[in-house]
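Note sheet for the following structure.
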Amino acid sequence: MEPKEKIILTGDRPTGKLHIGHYVGSLRRRVELQNSGEYDKIFIMIADAQALTDNFDNPDKVRQNIIEVALDYLSVGIDPTKTHIFVQSAVPELTELTFYYMNLVSVQRLQRNPTVKTELEMRKFDGGTPTGFFCYPISQAADITLFKATTVPVGEDQKPMLELTNEIVRRFNHIYGDVLIEPQILLPGNQACMRLPGTDGKSKMSKSLGNCIYLSDSAKELKKKVNSMFTDPLHLRIEDPGHLEGNTVFTYLDAFCEDADFEQFMPEYKNLDEMKAHYTRGGLGDGTCKKFLLNILNSRFEPIRERRAMWEQRIPEVYEILRQGTEAAREQGRRTLGEVRHAMRIDYFEDSSFIEEQSQRFSKN
Ligand code: TRP
């Protein structure tokens, strides 16, 4: 079906505080999209039901992290007057839609999902793969389509989910009639943003590896983490030529730095290319580069820290924002689900002519 409105839906699992990888990978973009005025509706979901698919034995972790993620959203500039922030498990329409979609996806199709495969390898469930976890890509298709989302800003790892969503949409519309909208994925702008490495430079930021910089880190913690960042082990003296490949400080600069930052913090260069050229040639020390990066990160995160501190004093209000966001999400959800039920011919009680038809069929006249 052709979309009538431009709608965004995206979300995160509440399994921990959000880090700056989330920030460059999607949060920053969401705030820009929100403020662009180009979208008719924006929904951001705290995916607690999805988080439970691999944390079902640790419900308190999910319960405690709802507010952490909500605080992270509000502090980066998600504005509850423009964006509905809601909690997945409180929208039962999502569960119902998931159940109907399960008929449209084969077990074999789910087994091919590369993101799920990687997660299964990392997670190593003893006692076998929980069915709920195995099926979460279907539930994610329901998340997106219940809101008739046209745009889904997410990281690259979510690509397989969107491919599956579009398959489900086409299949549903073909079998039952034109109801659902095919969404488009919106990926981060550059490679550094797509997969920001941890401070150790080894792999993606991950809580268990202890290589994250959190949005909620203090200026002091940030300084310590930036100063201990992995750079170029061959760059022993300042005069030595430096290498950019795998140099975490430069990867972060790729993700964060803008030309205006040079004017403000390092006027000896015009842009990152000039700075990189000097580093590669030799004569630019890692300490100087780290200090520059720290200045940039502080300028980005200071307003975020301030907003967080403000919201931390207003926790009941944050829960109220979630409650209202969830109410708005349900309203949209009920509407789509009504159309789905009608298309699937299971709206028995809504359709008075249907009951009339049935009466005719059974009346012996
Ligand atoms: N899978 C996403 C993650 O790992 C969270 C999520 C759940 C999501 N449902 C979604 C993202 C729908 C975008 C759209 O963080």
Side-chain angles (χ1 to χ4, degrees), residues 9-19 21-22 25-26 43-66 68-70 86-147 149 152-169 171-172 183 185 195 203-209 212 326 329 333 337:
L9 177 118
T10 185
D12 300 277
R13 295 182 193 177
T15 51
K17 298 189 278 196
L18 301 180
H19 51 61
H22 294 116
S26 78
F43 296 94
I44 298 188
M45 181 179 78
I46 303 183
D48 63 334
Q50 187 175 108
L52 283 169
T53 65
D54 70 337
N55 290 281
F56 56 87
D57 51 356
N58 198 355
D60 235 26
K61 172 171 159 192
V62 175
R63 186 176 176 81
Q64 299 300 336
N65 279 307
I66 303 260
E68 292 282 0
V69 172
F86 73 97
V87 176
Q88 184 183 27
S89 66
V91 182
E93 288 77 11
L94 288 170
T95 327
E96 183 175 339
L97 192 57
T98 302
F99 193 65
Y100 303 143
Y101 286 175
M102 285 182 163
N103 301 327
L104 307 179
V105 183
S106 72
V107 171
Q108 291 72 19
R109 177 70 185 83
L110 284 179
Q111 275 166 337
R112 289 205 308 269
N113 188 307
T115 301
V116 173
K117 274 193 201 165
T118 314
E119 284 172 314
L120 280 175
E121 269 161 38
M122 274 170 23
R123 192 66 177 73
K124 295 204 189 355
F125 292 102
D126 31 272
T129 308
T131 319
F133 179 81
F134 183 63
C135 293
Y136 92 74
I138 303 182
S139 132
Q140 191 156 336
D143 300 338
I144 295 167
T145 51
L146 187 73
F147 298 95
V152 183
V154 280
E156 201 184 21
D157 59 334
Q158 301 298 305
K159 242 182 181 167
M161 313 306 161
L162 270 108
E163 279 162 17
L164 181 71
T165 303
N166 284 324
E167 284 174 32
I168 292 175
V169 169
R171 196 114 201 262
F172 184 101
I185 190 167
R195 217 169 270 248
S203 46
K204 254 175 85 162
M205 279 198 191
S206 120
K207 192 176 173 184
S208 50
L209 296 173
C212 296
T326 303
L337 201 66

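- For the atom pair CD (Glu156) and OG1 (Thr115), the distance works out to 9.0 Å, reported to the nearest 0.5 Å.
- What you find for Met205 and Gly21 is that their closest heavy atoms are SD-N, 4.0 Å.
- Atoms CG and CE, from Asn113 and Met161 in turn, are 4.5 Å apart once rounded to the nearest 0.5 Å.
- Without hydrogens or angle criteria, Gln88 side chain to Gln50 main chain gives a donor-acceptor distance under 3.5 Å.
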**Asked** After noting the C-alpha distance and the side-chain angles of Val91 and Leu146, does the key distance pass the side-chain contact (heavy atoms from CB on, under 4.5 Å) rule?
**Response** CA-CA 10 Å; Val91 182; Leu146 187 73; 4.0 Å; yes
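- Taking the side chain as every heavy atom from C-beta outward, Thr145 and Ile168 never approach each other to under 4.5 Å.
- Taking every heavy atom of both residues into account, Pro160 and Pro114 meet most closely at CG-CG, 3.8 Å.
- When the side chain to side chain donor-acceptor pair (under 3.5 Å) test is applied to Asp48, the partners found at least two apart in sequence or on another chain are Ser89.
- Remark: the backbone N or O of Pro153 is paired with a side-chain donor or acceptor of Thr10 at under 3.5 angstrom.
- Taking all atoms of both residues into account, the shortest heavy-atom contact from Pro183 to Val152 is CB-CG2, 4.0 Å.
- To the nearest 0.5 Å, the span separating CG on Leu97 from CD1 on Ile144 amounts to 11.5 Å.
- Note that the OG1 atom of Thr15 and the CD1 atom of Ile66 stand 10.5 Å from one another [nearest 0.5 Å].
- Taking both residues in full, the closest heavy atoms of Lys61 and Asn65 are given as O-ND2, 2.9 Å, listed atom of the first, atom of the second, then distance.
- Nearest heavy atoms, Phe147 versus Ala329: CE2-O, 3.4 Å.
- Around CZ of Arg109, the count of heavy atoms belonging to other residues, nucleotides or ligands within 6.0 Å exceeds 12.
- Side chains of Ser139 and Leu94 form no contact here, defined as non-hydrogen atoms less than 4.5 Å apart.
- Here the side chain of Thr53 pairs no donor or acceptor atom with the backbone of Ala49 at under 3.5 angstrom.
- Using the six-membered ring where Trp is involved, Phe86 and Phe43 have ring planes that are perpendicular, over 60° apart on the 30 and 60° scheme.
- Here Asp143 contributes atom CG and Thr98 contributes atom OG1; the two are 6.5 Å apart, rounded to the nearest 0.5 Å.
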**Item:** Derivation of the side-chain contact (heavy atoms from CB on, under 4.5 Å) call for Val116 and Leu110
**Value:** CA-CA 8 Å; Val116 173; Leu110 284 179; over 6 Å; no
Could you list the donor-acceptor pairs under 3.5 angstrom formed between side-chain atoms of residues 119-129 and any protein atom two or more places apart in sequence or on another chain?
{"unit_1": "Glu119", "atom_1": "OE1", "unit_2": "Tyr136", "atom_2": "OH", "d": "2.5"}
{"unit_1": "Glu119", "atom_1": "OE2", "unit_2": "Arg13", "atom_2": "NH1", "d": "3.4"}
{"unit_1": "Glu119", "atom_1": "OE2", "unit_2": "Arg13", "atom_2": "NH2", "d": "3.1"}
{"unit_1": "Glu119", "atom_1": "OE2", "unit_2": "Tyr136", "atom_2": "OH", "d": "3.4"}
{"unit_1": "Arg123", "atom_1": "NE", "unit_2": "Asp54", "atom_2": "O", "d": "3.3"}
{"unit_1": "Arg123", "atom_1": "NH2", "unit_2": "Asp54", "atom_2": "O", "d": "2.4"}
{"unit_1": "Lys124", "atom_1": "NZ", "unit_2": "Glu121", "atom_2": "O", "d": "3.0"}

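- One distance of note links CZ of Phe172 with OG1 of Thr165; it measures 14.0 Å at 0.5 Å rounding.
- Contact between Ser203 and Leu209 at its shortest, heavy atoms only, is OG-CD1, 3.2 Å.
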**Message:** Before you tell me yes or no, could you show the steps for Gln140 and Val154 under side-chain contact (heavy atoms from CB on, under 4.5 Å), namely the whole-Å CA-CA distance, both residues' side-chain angles and the distance that decides it to 0.1 Å?
**Reply:** CA-CA 12 Å; Gln140 191 156 336; Val154 280; 5.5 Å; no
